[in-house]
Amino acid sequence: MPELPEVETTCRGLAPHVEGRRIRALTVHDARLRWPVPAELPAMLAGQTVTGISRRGKYLLFHTAAGIMMIHLGMSGSLRLVTPGTPRKTHDHLVWDIDSGWELRFHDPRRFGCCLWLTGAQLADPQSHPLLASLGPEPLSADFGDDHLFSQSRGKSAPVKSFLMDSHVVVGVGNIYANEALFRVGIHPLREAGRIGAERYLRLTEAIRDILAEAITRGGTTLRDFVNGKGEPGYFQQELTVYGRAGQPCVRCGRMLKEVRLSARSTVYCGHCQH
DNA sequence: CGTATCTCCTGCAAGC
DNA sequence: TGCTTGCAGGAGATAC
């Protein structure tokens with residue numbers, strides 16, 4: 001599951017090999033992603049130079065003069081650079097021939113990802129695209145201020161974990177990091193978002209910043225291996241204190257960690273340390 | 001508007 | 001061994 005750190009790692013890993021390079025061709029082996037890959041995309045991209053790669057939330061934006069290619073990795077998607085001639089794997093749906101000599105491949109078994117094409121007004125201002133327009137602030141930017149979570153949560157009765165994972169509140173806090181951040185600050189995941197005070201939200205805000213920044217740092221250690229498909233997501237190297245550890249002892253108090261389903265998401269917490 | 005549920009899809013694990 | 005069944009999960013769409 002690509003979380004924000006892995007998307008950021010992908011962005012940084014691709015940039016030196018793709019920015020300033022020309023796309024010779026795009027081959028669509030399977031257009032059936034979350035939304036169909038636009039039929040005109042190969043023709044639109046051919047010959048275009050990628051002027052830059054940026055990220056908004058978990059969306060990656062490949063900028064060209066003709067348009068912006070917007071990619072989301074969904075749950076199982078990945079982008080890898082390989083040498084031409086590398087055998088194509090099952091679920092390698094999209095292949096870009098780059099004039100740097102690399103081939104960029106989009107691999108996505110579950111096809112929850114997408115690859116869209118932004119033109120016209122959305123080329124001039126991609127933030128106006130419907131999928132981007134209502135996104136919350138970047139968790140590592142100044143827009144994610146100390147007071148943001150507290151002020152946004154007033155009057156909300158949803159569980160704080162659902163609130164945190166709402167991309168309209170703040171982007172990039174997926175299931176893994178929502179679990180981890182709540183454990184770190186001792187907040188019960190099912191607590192009503194609107195009934196948590198400003199002080200606790202400040203500590204939660206700092207925990208989200210710290211955990212994501214740390215994960216990106218660790219993800220960065222995989223950058224040297226990113227090319228040619230050897231990249232491991234940074235968070236697999238990060239010690240996870242609760243996610244995936246239901247039934248195991250709490251690292252703080254030793255009691256058994258509990259698990260509940262919240263909107264079909266695995267939610268793990270310590271009933272003693274989190275209130 | 002806020003909240004909960006449904007939905008897409010495939011790999012994997014468990015059960016028989 | 002090989003089949004069937006259940007399940008996870010990002011986030012937009014839909015229903016209330």
Side-chain angles (χ1 to χ4, degrees), chain A residues 1-11 28-38 55-61 70-79 88-94 105-116 118 122 126-139 149-182 189-196 208 212 215 233 235-236 240 242-247 259-269:
Chain A
M1 316 135 251
E3 296 247 0
L4 183 138
E6 189 183 5
V7 179
E8 177 65 21
T9 298
T10 297
C11 188
V28 179
H29 293 277
D30 192 340
R32 299 172 303 163
L33 300 182
R34 171 156 195 181
W35 295 286
V37 177
R55 178 186 63 75
R56 178 71 178 100
K58 294 179 185 172
Y59 291 94
L60 285 169
L61 306 179
M70 184 164 77
I71 289 179
H72 196 292
L73 300 178
M75 259 212 43
S76 57
S78 63
L79 286 166
R88 195 166 59 86
K89 295 189 293 186
T90 304
H91 308 304
D92 277 352
H93 305 312
L94 307 174
R105 296 185 180 179
F106 177 80
H107 177 86
D108 187 9
R110 294 184 189 176
R111 289 194 273 120
F112 281 10
C114 66
C115 179
L116 302 174
L118 280 53
Q122 294 168 357
Q127 306 304 328
S128 69
H129 189 280
L131 294 176
L132 304 182
S134 62
L135 291 180
E138 290 289 328
L149 290 180
F150 176 72
S151 60
Q152 289 295 303
S153 62
R154 294 309 87 189
K156 301 269 180 80
S157 63
V160 62
K161 177 167 178 268
S162 303
F163 171 70
L164 279 188
M165 291 177 64
D166 183 346
S167 63
H168 302 103
V169 172
V170 58
V171 299
V173 182
N175 196 35
I176 293 174
Y177 294 114
N179 278 300
E180 294 297 320
L182 288 167
L190 300 184
R191 177 168 287 276
E192 271 189 44
R195 293 189 176 181
I196 296 172
I208 290 168
L212 290 176
Y235 56 77
F236 283 153
L240 298 177
V242 285
Y243 182 81
R245 295 194 64 245
E259 178 171 26
V260 294
R261 300 264 135 214
L262 185 52
S263 302
R265 268 63 183 167
S266 172
T267 303
V268 186
Y269 65 99

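For the numbers below, each heavy atom of this structure counts, side chains included, while hydrogens, waters and symmetry mates do not. Lettering of chains follows the sequences in order, A, B, ..., and the numbering in each one begins at 1.
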B/S/- contact track for nucleotides 4-15 of chain B, protein heavy atom under 4.0 Å:
SB--BBBS----
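- For A/Asn179 (side chain) and A/Tyr243 (main-chain N/O), no donor-acceptor pair under 3.5 Å exists by modelled atom type.
- Among the protein residues, A/Leu131 comes within range of the sugar-phosphate backbone only, with heavy atoms under 4.0 Å from sugar or phosphate atoms but none that close to a base.
- The residue A/Ser76 sits apart from the nucleic acid: no heavy atom pair falls under 4.0 Å.
- Fit an axis to the five pairs at each end of the helix from B/dG2-C/dC16 to B/dC16-C/dG2 and the two axes sit 50° apart, to the nearest 10 degrees.
- With sequence neighbours excluded, the residues satisfying side-chain contact (heavy atoms from CB on, under 4.5 Å) with A/Glu192 are A/Ser157, A/Arg195.
- The span of DNA chain C lying next to chain A, judged by atoms under 4.0 Å from heavy atoms, is bounded 5' to 3' by C/dA8 to C/dG12.
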Decide yes or no on side-chain hydrogen bond (donor to acceptor under 3.5 Å, both in side chains) for A/His168 and A/Ser134, but give the supporting numbers first.
CA-CA 6 Å; A/His168 302 103; A/Ser134 62; 3.3 Å; yes
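- No donor-acceptor distance shorter than 3.5 angstrom exists from the side chain of A/Gln122 to the backbone of A/His129, with no hydrogens or angles considered.
- Side-chain contact check for A/Leu73 versus A/Lys58: every heavy-atom pair is 4.5 Å or farther apart.
- The aromatic rings of A/His72 and A/Tyr59 sit perpendicular, their planes meeting at an angle over 60°, well past the 30° parallel limit.
- Scored by the ring-ring contact (aromatic ring centres under 6.0 Å, His included) test, A/Phe112 finds no partners at all (sequence neighbours excluded).
- For A/Tyr269, the ring-ring contact (aromatic ring centres under 6.0 Å, His included) test picks out A/His188, with sequence neighbours left out.
- A/Tyr59 comes within 4.0 angstrom of sugar-phosphate atoms only, judged by non-hydrogen atoms across all strands, and of no base.
- Proximity of A/Asp108 to A/Met75: side-chain heavy atoms (C-beta onward) are nowhere separated by under 4.5 Å.
- Checking side-chain atoms of A/Arg55 against main-chain N and O of A/Gly57 turns up a donor-acceptor pair under 3.5 Å.
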